[in-house]
Amino acid sequence: DHEIAQMAQAYSAELNPDQISYMKKEVGRVYYCQYPTAEMLLQAALAIIASNKFHVVVIDSIAAMETDAESEKTLDELTRGGKAKVFAMFFRKLSAVNFDTSIILINQPLDNMDAGLYGKKWVAPGGRALRHASLVTLFLSSGERLKETVNKKEIMYGKEINFVVEKGKAGCHDGGRGSYVFYNGALDRPFGFDVYQDLLMCGVFYDIVTQSGAWFSFNGEKLGCGKEAAADSLRANFELSQRIRAEVFAKTNIKFITKE
């Protein structure tokens, strides 16, 4: 196990010191584990989940996993159903474990060669056990790139991440869709998803924040014109953002559960 600073060394091309410090602040303590085969990785994941010492376990990624059977074959030999069998066993064993940990599985869609004219254009590796065991399945895709012209030079400072709820069994419904803004840290914007913009739109959804055209307001106090300006107001006023956050959590009956 490695802490996030050591994890970043392996991904130095992707994470800079500012991003590492952001993750430490927003996420907390992060451990990174790597195993050569799907069987070893999922067995370790079972032990980690059963320990109940972690809030979230992320398995990345299903499509990139190699099973024991695949590792023994050459490139011209096909292996069918390898990941499906492994995940079916994983979920059977998981069903016997009493745990409070949230599990996030990251996958990549593959082209469906048998889609035909009206079939689904993509499939997700992992077999039917994965589809049945999931409470929520989200399909993410890149959206509009956010750019700003500075000194006659166009600079990209983020992009929209679109999501579609493919399966919802945890308070959301199938077919729901939306988008989130992801910043890359350029032009003095925060790195990552804008939690204040997310809080703002949650407030609108639950009738806590009022939206009139492009203007947002809370209890008669104007926050700004446009999502970015209103989110900047919340970012600059910690007390106000906490009041909106508390009202959102109270309305959704969300309570914090901390682990020592």
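As the structure is a prediction and not an experimental result, all values here were calculated from the model.
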Quick check: is [Y] connected to [X] through a chain of hydrophobic side chains (ILVMFWY, heavy atoms under 4.5 Å apart)?
X	Y	value
Ile106	Leu110	no
Tyr35	Phe87	yes
Met89	Val86	no
Val181	Phe191	no
Ile244	Trp215	no

Report task. Could you list the residues that satisfy salt bridge (charged side-chain N to carboxylate O under 4.0 Å, His left out) with Arg131, not counting sequence neighbours? Result -> none

**Report entry** Whether Asp100 side chain and Asn52 backbone form a donor-acceptor pair below 3.5 Å
**Finding:** no

Is any side-chain heavy atom of [X] closer than 4.5 Å to a side-chain heavy atom of [Y]?
X	Y	answer
Ser102	Val57	no
Lys222	Phe216	no
Ile59	Ile104	no
Gln242	Phe238	yes
Phe182	Leu146	no

Query raised in the report: Is the closest basic N to carboxylate O distance between Glu70 and Lys83 below 4.0 Å?
Result: yes

**Report entry** Basic-acidic side-chain contact under 4.0 Å: Lys227, Asp194
**Finding:**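 Not counted as a salt bridge, because no side-chain N and carboxylate O are separated by less than 4.0 Å.
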
Smallest separation among heavy atoms of [X] and [Y], with atom names:
X	Y	answer
Lys251	Tyr206	NZ-O, 2.7 Å
Ser241	Leu199	O-CD2, 3.4 Å
Ala88	Ala129	CA-CB, 3.7 Å
Ala230	Leu200	CB-CD2, 3.6 Å
Asn184	Ala186	OD1-N, 2.9 Å
Ala84	Gly127	CB-CA, 3.8 Å

Report task. Would you check, one step at a time, whether the test side-chain contact (heavy atoms from CB on, under 4.5 Å) holds for Asp188 with Tyr157? Result -> CA-CA 9 Å; Asp188 296 325; Tyr157 61 88; over 6 Å; no

To the closest 0.5 Å, what do you measure between [atom1] ([X]) and [atom2] ([Y])?
X	Y	atom1	atom2	result
Thr149	Ile155	OG1	CD1	8.5 Å
Phe139	Asn162	CZ	CG	10.0 Å
Leu223	Gln211	CG	CD	11.0 Å
Glu160	Ser141	CD	OG	10.5 Å
Phe218	Ser233	CZ	OG	13.0 Å
Leu234	Arg243	CG	CZ	11.0 Å

Requested in this report: Go through the steps to decide whether Asp68 and Met40 satisfy the test side-chain contact (heavy atoms from CB on, under 4.5 Å), and finish with yes or no.
Outcome: CA-CA 9 Å; Asp68 287 332; Met40 294 177 66; 5.7 Å; no

Requested in this report: Check whether NZ of the Lys or CZ of the Arg Arg245 lies under 6.0 Å from the centre of the six-membered ring of Phe249 and within 45 degrees of that ring's axis.
Outcome: yes

Query - Over 12 non-hydrogen atoms of neighbours within 6.0 angstrom of CE in Met156 - result: yes

**Report entry** Heavy-atom neighbours of Lys93 NZ exceed 12 at 6.0 Å
**Finding:**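 No.
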
Query raised in the report: Taking atom types as modelled, is there a side-chain donor on Lys167 or Ser134 under 3.5 Å from an acceptor on the other?
Result: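 The criterion, which ignores hydrogens and geometry beyond distance, is not satisfied for Ser134 and Lys167.
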
Query - Residue pair Ser71, Thr67: steps toward the side-chain contact (heavy atoms from CB on, under 4.5 Å) verdict - result: CA-CA 6 Å; Ser71 65; Thr67 63; over 6 Å; no

Report task. List the steps, then state whether side chain to side chain donor-acceptor pair (under 3.5 Å) holds for Lys159 with Ser142. Result -> CA-CA 7 Å; Lys159 63 180 177 180; Ser142 294; 3.2 Å; yes

Query - Residue among Val58, Val56, Leu94 satisfying side chain to side chain contact (heavy atoms under 4.5 Å, CB included) with Ile103 - result: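 Among Val58, Val56, Leu94, the one meeting side chain to side chain contact (heavy atoms under 4.5 Å, CB included) with Ile103 is Leu94.
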
Requested in this report: Report the C-alpha distance between Leu138 and Val165 in whole Å, list the side-chain angles of each, state the deciding distance to 0.1 Å, and finish with yes or no for side-chain contact (heavy atoms from CB on, under 4.5 Å).
Outcome: CA-CA 5 Å; Leu138 298 176; Val165 181; 3.8 Å; yes

**Report entry** Pairing residues for Ser61 by the side chain to side chain donor-acceptor pair (under 3.5 Å) criterion, not counting sequence neighbours
**Finding:**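 If we apply the side chain to side chain donor-acceptor pair (under 3.5 Å) test to Ser61, skipping adjacent residues, the hits are Gln108.
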
